[in-house]
> 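Below are the structure tokens for one structure; questions will follow.
Heads up: numbering here begins at 1 and tracks the sequence.
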Amino acid sequence: MTARFSAASAAVLAKASQVRLMIFDVDGVLTDGGLYYGADGEPIKRFNALDGHGIKLLQQYGVATAIITARQSPIVLRRAQDLGIAHVFQGVHDKRVAFAQLLEQTNISTNASGYIGDDVIDLPILSRAGFTASVANGHDAVKSRVDYVTTATGGNGAAREVCDLILHAQGHYDTAVAAYLA
């Protein structure tokens, strides 16, 4: 087992091995959760390139990706387009509804879905998805209810850590890394 994933239990790895659709929250997961505003009041978000590459690797190995977020932002849509994330739900305050719609659209079962969130608004999905994760700096009420808590904080490689864990659990991690050593 890769040393990086030795802290993950067999049960966590079993759940991660079933993921066919990984869903990401944005603020606090794909970003550091800070709210930044430009001089004209436009929101600015900082995304991590490691997270982005992890998402692309998941897609390369057959895992569909999606975003469900409470905020509405053209920046999120732009980032999703850059990463090839086809399913984006923004401005969602009842994430249960978007989750159900997404599962129906993709024809993927609850057990084959994964979700990473950081705050209590994410609990409706975190209590339903087959594999769940939170970031190191997530809310305690969330971290105590998920399968896996990252060592990295939101916006600083936490999403990549989860992507790598899924790839490892599905037997693709070493192949994915080896492709860059050839």
> Taking all heavy atoms of Arg71 and all of Leu35, pick out the closest pair and write down the distance.
NH2-CD1, 3.3 Å
> Write out all pairs satisfying salt bridge (charged side-chain N to carboxylate O under 4.0 Å, His left out) with one or both partners inside residues 103-121, taking only residues at least two apart or from two chains.
none
> I'd like to know if the side chain of Gln90 and the backbone of Ser73 have a donor-acceptor N/O pair within less than 3.5 Å.
yes
> Evaluate Gln59 against Ile85 for side chain to side chain contact (heavy atoms under 4.5 Å, CB included), listing each step before the verdict.
CA-CA 9 Å; Gln59 295 165 348; Ile85 299 173; 3.9 Å; yes
> Sort and list the pairs that fulfil side chain to side chain donor-acceptor pair (under 3.5 Å) and have at least one residue in residues 126-140, not counting sequence neighbours.
Thr132-Asp147
> Residues sharing Ile121's hydrophobic cluster, by side-chain heavy-atom contacts under 4.5 Å among ILVMFWY, directly or via others?
none
> Judged by atom type as modelled, is there a donor-acceptor pair below 3.5 Å linking the side chain of Arg46 to the main-chain atoms of Gly155?
yes
> Can you tell me how far apart CG (Leu58) and NE2 (His53) are? Round to the nearest 0.5 Å.
10.5 Å
> For Val162 versus Ala133, what's the shortest heavy-atom pair and its separation?
CG2-CB, 3.8 Å
> Report the C-alpha separation of Val135 and Asn156 in whole Å, then their side-chain angles, then the decisive distance to 0.1 Å, and conclude whether the side chain to side chain contact (heavy atoms under 4.5 Å, CB included) test is met.
CA-CA 10 Å; Val135 297; Asn156 293 300; over 6 Å; no
> Please check this pair: side chain of Glu42 against backbone of Asp40, looking for a donor-acceptor N/O pair closer than 3.5 Å.
yes
> In a check of side-chain contact (heavy atoms from CB on, under 4.5 Å) between Ile166 and each of Met22, Lys15, His172, which one passes?
Met22
> Applying the 4.5 Å side-chain criterion to the ILVMFWY set and letting contacts propagate, would Val97 and Phe24 be lumped into a single cluster?
no
> Between atom CG of Leu83 and atom CD1 of Ile55, what is the distance when rounded to the nearest 0.5 Å?
5.5 Å
> Does atom CZ of Arg78 have more than 12 heavy-atom neighbours from other groups under 6.0 Å away?
no
> Taking ring pair (Phe, Tyr, Trp, His ring centres under 6.0 Å) as the definition, give me every residue that meets it alongside Tyr37, ordered by chain and number, with sequence neighbours left out.
none
> Can you list every pair that meets salt bridge (charged side-chain N to carboxylate O under 4.0 Å, His left out) and has a residue in residues 48-62, with sequence neighbours left out?
none
> If you define the side chain from C-beta out and look only at heavy atoms, does anything of Leu126 sit under 4.5 Å from Val142?
yes
> What pair of heavy atoms forms the shortest contact from Ala158 to Thr153, and how long is it?
CB-O, 3.4 Å
> For Asp122, check side-chain hydrogen bond (donor to acceptor under 3.5 Å, both in side chains) against everything at least two apart and list the hits.
Lys95, Tyr115
> Drop me the distance from Leu167's CG to Ser17's OG, to the nearest 0.5 angstrom.
12.5 Å
> Does Ile67 form a side chain to side chain contact (heavy atoms under 4.5 Å, CB included) with His87? I'd like the steps, not just the answer.
CA-CA 6 Å; Ile67 288 174; His87 307 282; over 6 Å; no
